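Values in this document were obtained by computation on a predicted structure and should not be read as measured data. Note that the numbering runs from 1 along the sequence shown for the chain.
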Amino acid sequence: MTSTEQRLVAAAERLFAEQGVGAVSLRTVMQAAETNVAAIHYHFGSKEGLLDAVLRSRLDQVTGERNAALAELSGDEVTSRELAVAFVRPVVTVLGSGGEHWIRLVGQLLATDEKGLGVLSGSFLQRNARFVELLERKFPGVPRRTLDFRLTQAMHLTLNVLGDVERVRRLLGPGSTPRAWPLDDVVADLVEVVTSVLAGPSGERW
């Protein structure tokens, strides 16, 4: 990706997350990236092409790290918590590399069904095929549809929390500050909830 493409993707990622895809014009992206509209059309073809590039810019990172984590697990002995950690941690890595806007954007697309959702939903279960395979081994009597549903809900929850940690803190009241509830603790609590989502009813857990 050229430096111009990188600037456009970075600007679009931030603006789409802050204002919503529909509210952001190509001219606004161009101004933020200090380039011109012709550059957007040259590199991406259209606004939809730019959005597609934004979404794909970090998808491979998340998928690669998640598959690497899953490769270290034993299919016969894997726990729901180990699966939850493998699911959440790659998104935490994106957050640590400055990807908060990307996480927030993906969460918004899932919640609002805006254009771009197809890029995510069309590849989500395919990209997480190994994850689903381990879930099926862990819960052999649970229908595949139910496991897919649990996985998508784990995704919603993870993106919603990590896409705006400050908002999550504010929901818990004025005393919930970064010092009182540091990110490591937020992630630990998130992992526990995702564990419960993946495990399902108590009779199937762990």
Side-chain angles (χ1 to χ4, degrees), residues 6 8-24 28-29 32-33 47-48 50-67 69 83-125 127-128 131 148-198:
Q6 291 173 343
L8 287 167
V9 166
E13 179 182 272
R14 176 179 61 80
L15 291 168
F16 288 162
E18 291 176 348
Q19 302 177 28
V21 176
V24 177
T28 303
V29 176
K47 184 177 181 179
E48 288 72 23
L50 176 59
L51 174 59
D52 183 86
V54 169
L55 295 176
R56 295 184 187 280
S57 66
R58 299 182 191 270
L59 276 175
D60 288 344
Q61 175 188 350
V62 172
T63 303
E65 292 190 11
R66 185 168 290 149
N67 286 338
L83 288 172
V85 170
F87 191 83
V88 171
R89 281 294 172 183
V91 185
V92 176
T93 301
V94 170
L95 180 63
S97 65
E100 178 180 0
H101 289 114
W102 185 88
I103 298 170
R104 190 180 306 173
L105 171 62
V106 174
Q108 289 172 354
L109 292 174
L110 292 174
T112 61
D113 198 27
E114 282 197 65
K115 291 180 180 179
L117 180 59
V119 175
L120 302 169
S121 61
S123 65
F124 177 72
L125 294 177
R127 285 174 174 270
N128 287 280
F131 202 101
D148 288 347
F149 178 73
R150 291 179 188 176
L151 188 55
T152 56
Q153 296 313 300
M155 176 176 64
H156 278 285
L157 176 61
T158 300
L159 295 171
N160 187 50
V161 171
L162 297 181
D164 196 343
V165 175
E166 289 306 312
R167 177 185 57 83
V168 174
R169 289 191 180 108
R170 290 196 301 272
L171 287 173
L172 298 183
S176 185
T177 63
R179 176 173 295 180
W181 197 22
L183 180 61
D184 285 348
D185 290 351
V186 173
V187 172
D189 289 341
L190 174 61
V191 165
E192 294 306 316
V193 177
V194 171
T195 298
S196 298
V197 171
L198 295 177

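- Residues Q153 and R150 form no side-chain contact, since every pair of their non-hydrogen atoms from C-beta on lies 4.5 Å or further apart.
- Screening R58, R104, R56 against E13 for a salt bridge (charged side-chain N to carboxylate O under 4.0 Å, His left out) leaves a single residue, R58.
- Not one N or O on the side chain of R66 forms a donor-acceptor pair closer than 3.5 Å with the backbone of V91.
- No side-chain donor-acceptor contact under 3.5 Å links T158 to the backbone of M155.
- Residues L110 and T152 form no side-chain contact, since every pair of their non-hydrogen atoms from C-beta on lies 4.5 Å or further apart.
- Considering all non-hydrogen atoms of both residues, P90 and E65 come closest at CA-OE1, 3.7 Å.
- Atom CZ of R89 is surrounded by 12 or fewer heavy atoms from other residues, nucleotides or ligands within 6.0 Å.
- Residues L159 and Q108 form no side-chain contact, since every pair of their non-hydrogen atoms from C-beta on lies 4.5 Å or further apart.
- In this structure the side chain of S57 never reaches within 4.5 angstrom of the side chain of Q6, judged on heavy atoms.
- Among V92, L95, V165, the one residue that satisfies the side chain to side chain contact (heavy atoms under 4.5 Å, CB included) test with V187 is V92.
- Contact check for H101 versus F16: no side-chain heavy atoms found under the 4.5 Å cut-off.
- Here the CH2 atom belonging to W102 is positioned 4.5 Å from the CG atom belonging to L59, to the nearest 0.5 angstrom.
- The distance from atom CG of L50 to atom CG of L55, rounded to the nearest 0.5 Å, is 9.5 Å.
- Side chains of V161 and D189 form no contact here, defined as non-hydrogen atoms less than 4.5 Å apart.
- Taking 4.5 Å as the limit, some side-chain heavy atom of L171 sits within range of a side-chain heavy atom of R167.
- The side-chain heavy atoms of F87 and L157, taken from C-beta on, include no pair separated by under 4.5 Å.
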